[in-house]
Amino acid sequence: VGFAIFKNAWPLDAVKGRVSMTPIEGGGVQISSGLLEMEVGEIFAHGRFVLNAPKDRGEQSWGLEVGVQNARLTEAGPYLPTSLSPAFRQWLQDAVLGGQAPASSMIFHGPPTADTPKEHKTFELLFDVKDLSMRYHPEWPAVDEVEALVFAGNHGAVVHDAVGRLYTSTVHNINVQVPIVHGGGVEQVEVDAELVGPLDDSIRFINETPLAALTNRVTAHWQGSGN
């Protein structure tokens, strides 16, 4: 199944459902589906789409809604829209090291033509992720065993109240903002979280991140005990 908003056609193993074509008054056609059932490997999906194609290209539009089960986050590339900036796509590819999405949903709508400006095409993604491993920046340590709801769209990506593990410590109340700036790039990643665990983990976090330089490496030889 292929849609212009994705770089390549989706390599589905099976699709079951009904697609209809209806003439539009004044010329053109509407192509729409009922609920479609799709399978690829261990991934199951349900979705529907509609394409309105009147003669006037300026009035053409399309929409796609998909719910997906059992997806591996490292294999999400084919399902990311081309309206994402190359920089943001590269950040996702580099940052996500592993994890599962037991349930996720995707909504796309806008003009169907490839030459339409990206800002006129809207998408919303929601991922319920489990056991996510993410290195959100090369100079900061990876966060593992993350459970979170991840929202992404034209604006960027947002995570609220996630939990995970950093070193041997538990991290909770994780909030992440990855805003997409004008032109589609990613200039910063904002992370706020609370860490509970051995004091040595906190010292290590300072020593192995840019915080070391910011604190003039005052903790370089510190040791601690307790939580």
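Salt-bridge formation is detected for the pair R72/E42: a Lys NZ or Arg NE/NH1/NH2 atom is positioned less than 4.0 Å from an Asp or Glu carboxylate oxygen.
Using a 4.5 Å heavy-atom cutoff, the side chains of H109 and S61 are not in contact. Using a 4.5 Å heavy-atom threshold, the side chains of W140 and R135 count as separate. The closest side-chain heavy-atom distance from E208 to P141 is not below 4.5 Å. Looking only at side-chain heavy atoms (C-beta outward), V176 and V158 stay at 4.5 Å or farther from each other. Between I203 and F205 there is no side-chain heavy-atom pair separated by less than 4.5 Å. Two residues are said to be in side-chain contact when any heavy atoms from C-beta on lie closer than 4.5 Å; F49 and V66 fail this criterion. Within the 4.5 Å cutoff, no side-chain heavy atoms of V68 are placed close to those of F127. Side-chain atoms of D161 and N175, non-hydrogen and from C-beta on, do get closer than 4.5 Å to each other.
For Q223, the CD atom counts as loosely surrounded, since its 6.0 Å shell holds 12 or fewer non-hydrogen atoms of other residues, nucleotides or ligands.
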For this session: Carefully, step by step, assess S104 and D128 under the rule side chain to side chain donor-acceptor pair (under 3.5 Å).
Result: CA-CA 6 Å; S104 57; D128 179 10; over 6 Å; no

Exercise. When you look at N207 and W222, which way does the side chain to side chain contact (heavy atoms under 4.5 Å, CB included) test go after all the steps?
Worked result: CA-CA 10 Å; N207 291 335; W222 284 19; 5.8 Å; no

For this session: Kindly indicate, with the supporting measurements, whether the criterion side chain to side chain donor-acceptor pair (under 3.5 Å) is fulfilled by N52 and Q30.
Result: CA-CA 5 Å; N52 294 304; Q30 179 190 74; 2.7 Å; yes

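Counting all heavy atoms, side chain and backbone alike, S225 lies closest to L199 at O-CD2, 3.9 Å. Closest heavy-atom contact between S33 and R48: OG-CA, 3.3 Å. Closest non-hydrogen pair, H46 versus M38, comes out as C-CE, 4.0 Å. Considering every non-hydrogen atom in both E190 and P179, the closest pair reads OE2-CG, 4.5 Å.
Distance check, rounded to the nearest 0.5 Å: CG of L51 to OG of S32 gives 9.5 Å. The OG1 atom of T219 sits 4.5 Å away from atom CD1 of I206, with the distance rounded to the nearest 0.5 Å. Atom CG of L64 and atom CE of M106 lie 7.0 Å apart (nearest 0.5 Å).
In this structure, F108 and W62 have parallel ring planes: the angle between them is below the 30° cut-off, well short of the 60° mark.
A side-chain donor from one of Q90 and D94 sits under 3.5 Å from a side-chain acceptor of the other.
With S169 as the fixed residue, the side-chain hydrogen bond (donor to acceptor under 3.5 Å, both in side chains) test singles out one of N227, D200, D201: D201. Considering L97, L73, D144 as possible partners of L132, the one that fulfils the side chain to side chain contact (heavy atoms under 4.5 Å, CB included) test is L73.
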